[in-house]
Amino acid sequence: MLKSHACGALRADHADQEVTLAGWVHRRRDQGGLIFLDLRDRQGIAQLVIDEEQTPDVHLKAKDVRNEWVVQVRGIVRQRPEGMINPNLPTGEVEVEVNQIEILNAAKTPPFYINREEENLDEALRMRYRYLDLRRERMQRNIILRHEVVRYIRSFLSARDFIEIETPFLFKTTPEGARDYLVPSRVHPGRFYALPQSPQQLKQLLMVAGFERYFQIVRCFRDEDQRGDRQPEFTQLDLEMSFVDREDVLDLIEGLMTGIVEDVTDRELVYKPFPRLSLHEALERYGSDKPDLRYDLVAIDVSEIAGRSGFSVFTTNVEQGKPVKAIRVPGPGGWSNSQIKKFHKELEDLTKSVGAKGLAYMAVPEEEDGEVRGPIGKFFPTELKLELFEAVGVQPGDFLVFTSDTREIVYAVVDTLRRHLAVELDLIDPKKVAFVWIINFPLFEWNEDEARWDPSHHLFTAPMREDLALLESEPGKVRGQQYDLACNGYEVAGGSIRIHQRDVQERIFSLIGLEVEDAKQKFGHMLEAFEYGTPPHGGIAPGLDRLVMILAGEPNIREVIAFPKTQQAADLMAGAPSPVLPEQLEELHIALTALDEAPESSA
RNA sequence: GGGGGCGUGGUGUAGCGGUUAACAUGCCACCCUGUCAAGGUGGAGAUCGCGGGUUCGAAUCCCGUCGCUCCCGCCA
């Protein structure tokens with residue numbers, strides 16, 4: 001080893017020991033005859049002192065040293081003199097009197113600061129020099145947190161008899177779900193592998209194989225457009241269990257998530273145990289299938305009351321079966337008319353962006369005898385107003401917003417408003433983590449375009465036993481044994497109990513319009529496997545990137561992935577994707593169709 | 001596929017139709033023996049993402065394009 005101690009590990013009890021350190025120069029403070037160097041390694045920072053009078057040769061070398069140079073030093077750890085202790089540094093009680101220095105590697109001046117946080121650093125620049133970006137404290141912290149989470153998962157599951165098993169990346173395309181990344185086969189001209197969107201089929205086959213409890217921390221690939229919480233390749237904790245029902249899976253994951261939050265982070269769980277909402281409840285109250293329950297803004301259905309008002313938008317909508325929902329915003333009753341108008345305008349513009357035509361409001365007075373402000377107040381007689389306020393749980397000075405439209409738009413409006421208001425009204429405690437289970441999903445969704453039922457989760461999700469009889473008669477009413485885990489407004493896991501009986505599977509296939517021959521073509525290996533003694537089984541797949549993002553308090557998953565891709569799915573550091581040689585294409589039996597413009601050759 | 005935001009010395013910003021493009025920081029040199037975002041003095045460093053247009057005059061206005069990003073669609 002080129003060092004005896006980690007820079008960040010030095011403490012007062014190392015005083016007077018001789019140590020050898022190696023790392024990067026974090027910062028230098030040259031005072032002429034006395035040079036201070038902050039030496040950084042993964043564990044932290046130690047202050048080096050170089051004194052011209054004591055060690056002229058070291059001083060001479062140290063004069064040339066710049067930030068990010070890699071150096072090795074030998075010296076004596078000293079308790080810092082009185083009044084020179086740096087309480088902001090874990091190593092701040094000591095410093096190292098250097099008596100030998102070796103420059104292991106000089107460094108160019110980095111294109112951005114390694115030794116400080118820059119607020120709006122251009123992401124393209126960070127990506128191009130990702131190895132430097134990753135040197136920064138924030139990124140080191142995130143990546144190390146990610147490791148701690150993964151380590152916790154492995155030990156938690158191993159202790160509960162789970163076996164980690166790898167599954168292939170070169171697998172088979174399935175037309176369902178997301179767009180596949182395809183890999184051409186050289187030895188099978190004209191055929192392609194697909195990178196798995198998840199190891200769904202394989203993990204079920206591992207249950208058929210009798211492993212009973214499987215997990216894998218595995219990369220998944222989906223060729224869809226990116227978002228802050230979506231990358232073309234992302235990591236799941238994939239797991240599957242045999243001889244379990246839903247409760248077993250939920251219990252396990254609840255224990256795992258609780259353990260991660262409490263043992264690995266300094267964050268606080270809002271709910272223990274995790275609350276459970278049906279999908280319907282989640283949508284009706286929060287407008288989202290992944291509601292953020294760190295704050296309790298709730299949409300209240302006031303359709304019945306609003307339908308009796310004189311406001312024609314409401315009455316017409318209610319007649320057509322469209323809901324009217326109200327959200328109570330605590331507080332701004334004391335505002336001036338212009339403040340209220342501005343506040344309302346902002347919210348209304350926001351909701352228009354998700355398809356709303358308008359946003360009605362009432363400002364509730366602070367005094368008992370005050371007047372309700374807002375244009376729709378006059379359409380509600382006093383009696384009805386009181387009924388409304390009762391239903392919504394109004395407090396004096398509240399601001400009520402009302403949205404009414406198709407159910408889908410109302411949900412979108414409620415979701416958008418909740419997210420916006422939470423930030424606006426500062427309702428979010430960044431230390432808090434709020435998990436919530438979403439259950440009772442419909443098994444199928446009606447596909448308007450294709451005029452058929454589509455599986456809302458995937459083909460192998462088992463129906464609720466008590467709904468089995470409805471499968472042919474009322475498919476829309478059949479609920480699946482499916483569950484999602486939401487956290488702080490993100491979906492962090494999804495899973496289900498699977499079908500393990502061939503006849504049920506075939507009924508599903510026929511319902512979604514999959515011919516037996518088709519099904520055999522696409523899933524023959526699965527159907528065949530299921531005939532050889534399949535245990536009842538189910539599983540779940542938490543998204544590791546999103547989970548770590550939330551725990552790290554980061555706004556997107558790129559901050560917790562060492563080498564992420566841009567929104568255009570590019571790697572700016574390596575320059576991927578890149579053109580390939582004609583010979584490579586030829587070997588793969590691939591001819592390119594004419595492109596509008598020839599792709600630039602990789603520089 | 002569609003809509004929005006951003007792009008000015010290495011970095012982060014200001015300038016938003018009119019002198020020599022400003023500030024902070026970084027970088028370079030010199031001074032400095034108790035600093036820790038060290039300090040002081042001096043200096044170098046920008047075809048204002050790229051292309052076209054409008055104008056007497058464009059970093060500034062318009063069109064296109066590229067890159068990053070947010071959102072809708074998409075993501076079983």
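Numbers restart at 1 for each chain; the letters A, B, ... are given by sequence-line order, proteins then strands. No hydrogens, no waters, no symmetry mates; every other heavy atom, side chains included, goes into these values.
One P atom belongs to B:rG64, the other to B:rC72, and the distance between them is 25 Å to the nearest Å. Look at the P atom in both B:rG10 and B:rC28: the space between them is 15 Å, to the nearest Å. B:rA58 sits 38 Å from B:rC71 when the P atoms are compared, rounded to a whole Å. Between B:rU60 and B:rA14, the distance separating the two C1' atoms is 13 Å to the nearest Å. Rounded to whole Å, the separation between the C1' atoms of B:rG57 and B:rU19 comes to 12 Å. Distance check on atom C1': B:rA38 versus B:rC31 gives 14 Å, rounded to whole Å. Distance noted for atom C1' between B:rG45 and B:rG4: 35 Å (whole Å). The same atom, C1', is picked in B:rG18 and in B:rC27; the two are 33 Å apart, to the nearest Å.
For the pair A:Asn556 and A:Arg546, both in contact range of RNA chain B, the more 5′-proximal nearest nucleotide belongs to A:Asn556. Along RNA chain B, the nucleotide nearest to A:Gln200 and the one nearest to A:Asn67 differ in position, and the one closer to the 5' end is contacted by A:Asn67.
Ring-centre distance between A:Trp453 and A:Trp446: below the 6.0 Å cut-off. When ring centroids are compared, A:Phe221 and A:Phe234 stay outside the 6.0 Å threshold. For an aromatic pair to be called close, the ring centres must be under 6.0 Å apart, and A:His537 with A:His500 fails this.
With hydrogens and angles ignored, no donor-acceptor pair under 3.5 angstrom links the side chain of A:Arg128 to the base of B:rG67.
Rounded to whole Å, atom P of B:rC70 lies 11 Å from atom CZ of A:Arg230. Atom C1' of nucleotide B:rC75 and atom CD of A:Glu233 are separated by 16 Å, given to the nearest angstrom. The NZ atom of A:Lys108 sits 16 Å away from the C1' atom of B:rG26 (whole-angstrom rounding). Distance CG (A:Asp225) to C1' (B:rC74): 6 Å, rounded to an integer number of Å. For the pair A:Glu224 CD and B:rC72 C1', the interatomic distance rounds to 14 Å; values are reported in whole Å. What separates CD of A:Glu68 from P of B:rC27 is a distance of 11 Å, to the nearest Å. Across the protein-nucleic acid pair, A:Leu350 atom CG and B:rC71 atom C1' stand 11 Å apart, rounded to whole Å. The CD atom of A:Gln231 sits 13 Å away from the C1' atom of B:rU69 (whole-angstrom rounding).
Note: A:His458 and A:Phe460 have tilted aromatic rings, judged against thresholds of 30 and 60 degrees for the angle between ring planes.
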> How would nucleotides 29-39 of chain B be written as a contact map, 5' to 3', with B for base contact, S for sugar-phosphate-only contact and - for no contact, using protein heavy atoms under 4.0 Å?
Replying inline: S--BBBBBSB-
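Within 6.0 Å of the CD atom in A:Glu117, the count of heavy atoms belonging to other residues, nucleotides or ligands exceeds 12.
Under the side-chain contact (heavy atoms from CB on, under 4.5 Å) rule, A:Asp467 has a single partner from A:Gln481, A:Glu474, A:Arg479, A:Lys477, which is A:Arg479. Across A:Val414, A:Ile327, A:Thr351, a single residue satisfies side-chain contact (heavy atoms from CB on, under 4.5 Å) together with A:Thr403, and that is A:Val414. Of the listed residues (A:Arg27, A:Arg28, A:Lys108, A:Arg40), just one forms a salt bridge (Lys or Arg N to Asp or Glu O under 4.0 Å) with A:Glu68, and that residue is A:Arg40. Partner A:Ser278 forms a side-chain contact (heavy atoms from CB on, under 4.5 Å) with one of A:Asn440, A:Ile438, A:Leu283 and no other, that one being A:Asn440.
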Counting only pairs under 3.5 Å, give me each side-chain donor-acceptor contact of residues 558-568 of chain A, with atom names and distances, residues two or more places apart or in other chains.
| unit_1 | atom_1 | unit_2 | atom_2 | d |
| --- | --- | --- | --- | --- |
| A:Arg558 | NE | A:Glu123 | OE1 | 2.9 |
| A:Arg558 | NE | A:Glu123 | OE2 | 3.4 |
| A:Arg558 | NH2 | A:Glu123 | OE2 | 2.7 |
| A:Glu559 | OE1 | A:Arg126 | NH2 | 2.7 |
| A:Glu559 | OE2 | A:Arg126 | NH1 | 3.1 |
| A:Lys565 | NZ | A:Glu233 | OE2 | 2.8 |
| A:Thr566 | OG1 | A:Gln568 | N | 3.2 |
| A:Thr566 | OG1 | A:Ala570 | N | 3.3 |

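A sub-4.0 Å separation between OP1 or OP2 of B:rC70 and a side-chain N or O of A:Arg558 is present. Taking side-chain N and O atoms only, A:Arg222 has no distance below 4.0 Å to OP1 or OP2 of B:rC74. At the phosphate of B:rG26, neither OP1 nor OP2 sits under 4.0 Å from any side-chain N or O atom of A:Thr109.
For the residue pair A:Tyr214 / A:Asp238, a side-chain donor-acceptor distance below 3.5 Å is found, with atom types taken as modelled.
Here A:Leu459 lies out of heavy-atom contact (under 4.0 Å) with every strand. Backbone-only contact: A:Ser456 has heavy atoms under 4.0 Å from sugar-phosphate atoms and none from a base.
Across all strands shown, B:rG5 is found opposite B:rC68 as a Watson-Crick or G-U wobble partner, with both distances under 3.5 Å. When both distances must be under 3.5 Å, the Watson-Crick or G-U wobble mate of B:rC56 is B:rG18. Base-pair partner of B:rU33: not found among the strands shown (Watson-Crick or G-U wobble, both distances under 3.5 Å).
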Restricting both atoms to N or O, compile the protein contacts to nucleotides 10-12 of chain B shorter than 3.5 Å, with distance only.
| unit_1 | atom_1 | unit_2 | atom_2 | d |
| --- | --- | --- | --- | --- |
| B:rG10 | O2' | A:Pro111 | O | 2.9 |
| B:rG10 | N2 | A:Tyr113 | OH | 2.7 |
| B:rU11 | O2' | A:Glu118 | OE1 | 3.1 |
| B:rG12 | OP1 | A:Asp122 | N | 3.0 |
| B:rG12 | O4' | A:Glu118 | OE2 | 3.2 |

>> I'd like to know whether A:Lys357 forms a salt bridge (Lys or Arg N to Asp or Glu O under 4.0 Å) with A:Asp405, so could you lay out the CA-CA distance, the side-chain angles of the two residues, the decisive distance to 0.1 Å, and finally the verdict.
In response: CA-CA 8 Å; A:Lys357 292 175 200 73; A:Asp405 208 304; 2.9 Å; yes
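Residue A:Gln568 places its side chain closer to B:rC68 than to any other of B:rC74, B:rC75, B:rC68.
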